[in-house]
Amino acid sequence: TKQGQGDAEEERQEASTWLEGVKLYNSRVAEKLTAGWSEVLPIDARGTTEPNGEMVANPPESTHERKRSWWDEDETRLKEEHFVLRGTDDWDGPRRRWHQNGKIWEESVYKGGWLAHTVRFVDTKGRTLNHGDTRQGTGLAKGYHPNGALAYHGAMKGGPSEGTWFYGHDNGRLSSIGEYNAGQREGIWRSYHASGGLQKLWRVEDDVERQAFYFYEGGNLKAEGTGAPDEAGNYQRTGVWNFYNDAGVRYERSDYRESGRLTVERFDWETGVLLTRSPYVPGAGGNVRHGVMLTFNKEGRVVERTEY
């Protein structure tokens with residue numbers, strides 16, 4: 001038990017040291033973003049408000065499936081419509097989005113899962129916006145929120161995203177930024193709260209999140225841990241994950257290192273003192289307790305054992 005507490009404290013100190021550097025970076029970015037993201041990010045002026053290509057007809061139902069979303073539960077006001085190739089998730093054909101008043105917001109064309117070109121973006125005031133110069137899946141792509149704030153900005157090369165892309169909140173501030181390589185995320189990615197503070201910092205390899213740090217709006221660490229794809233390619237947590245309250249006190253430590261078994265330690269919300277250690281295994285409705293749960297006193301001694 002003491003060894004386990006020692007390991008946990010060492011991990012906590014390492015995270016805290018790392019956090020100081022991140023908080024400093026966070027404060028500097030937030031300070032620069034007070035008037036909007038254009039102060040720190042180069043928004044490329046290239047592009048046009050004119051169509052980069054023609055809007056195409058809806059594809060046949062025999063080869064494509066129509067996908068729709070609505071502004072209301074009664075499905076009377078259409079919000080978005082696009083098509084996918086049957087049997088895949090690949091967008092293919094026209095995409096349209098509408099404002100809540102029924103007027104057009106976006107018209108664009110996809111081919112084989114990638115943006116081919118944009119026809120137009122129109123904000124709620126009726127202004128046609130500069131949407132870049134992407135043609136046949138190559139060029140600069142820009143997209144917008146209904147109010148005209150920039151939603152995304154980046155280059156495309158033969159379809160896939162390439163190089164630095166950044167995304168924005170509808171209040172004009174930075175939402176996230178990172179690098180693509182042939183359509184796959186790579187390297188360090190950052191995302192931000194709408195208020196400007198760092199929300200998440202994560203490392204990506206081959207489009208898979210490998211390590212992540214989450215933050216409260218005040219800058220304190222919220223959670224941190226590692227991940228990897230399973231045999232089916234789906235993301236799974238790995239290693240040790242730590243979770244903290246907004247005062248910086250750790251309240252949970254989850255250990256995923258043993259295959260088919262999860263060990264969860266829970267700590268006092270205010271003091272961070274270890275309370276329980278419980279083993280879990282996968283169940284039909286999620287993880288379920290299986291084995292012996294240990295309950296500790298304030299001195300770290302086991303005072304109760306419960307069998308599951």
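- Residues T48 and E50 have side chains that never bring a donor and an acceptor to within less than 3.5 angstrom of each other.
- With salt bridges taken as basic N to acidic carboxylate O contacts below 4.0 Å, one links R46 and D44.
- Checked by atom type, the side-chain pair T263/E265 shows no donor-acceptor distance below 3.5 Å.
- A salt bridge links R97 with E106: the distance from a Lys NZ or Arg NE/NH1/NH2 to an Asp or Glu carboxylate oxygen falls below 4.0 Å.
- A salt bridge is absent between E252 and R250; no separation between the charged side-chain nitrogens and carboxylate oxygens falls under 4.0 Å.
- Other residues, nucleotides and ligands place more than 12 heavy atoms under 6.0 Å from the NE2 atom of H145.
- No hydrogens or angles considered: a donor-acceptor pair under 3.5 Å links the side chains of N58 and R96.
- At most 12 heavy atoms of other shown residues, nucleotides or ligands fall within 6.0 angstrom of atom CG in D89.
- Taking a cutoff of 4.0 Å between a charged side-chain nitrogen and a carboxylate oxygen, E209 and K200 qualify as a salt bridge.
- A salt bridge links E80 and R95; the closest N-O separation between the charged side-chain nitrogens and carboxylate oxygens is under 4.0 Å.
- Side-chain polar atoms of N181 and E186 form no donor-acceptor pair below 3.5 angstrom.
- When the ring pair (Phe, Tyr, Trp, His ring centres under 6.0 Å) test is applied to Y251, the partners found at least two apart in sequence or on another chain are W269.
- Between the side chains of T226 and Q211, no donor-acceptor pair is found at a separation under 3.5 Å.
- Between Y244 and K222, the side chains place no donor N or O within less than 3.5 Å of an acceptor N or O (distance only, hydrogens not considered).
- A salt bridge links R66 with E81: the distance from a Lys NZ or Arg NE/NH1/NH2 to an Asp or Glu carboxylate oxygen falls below 4.0 Å.
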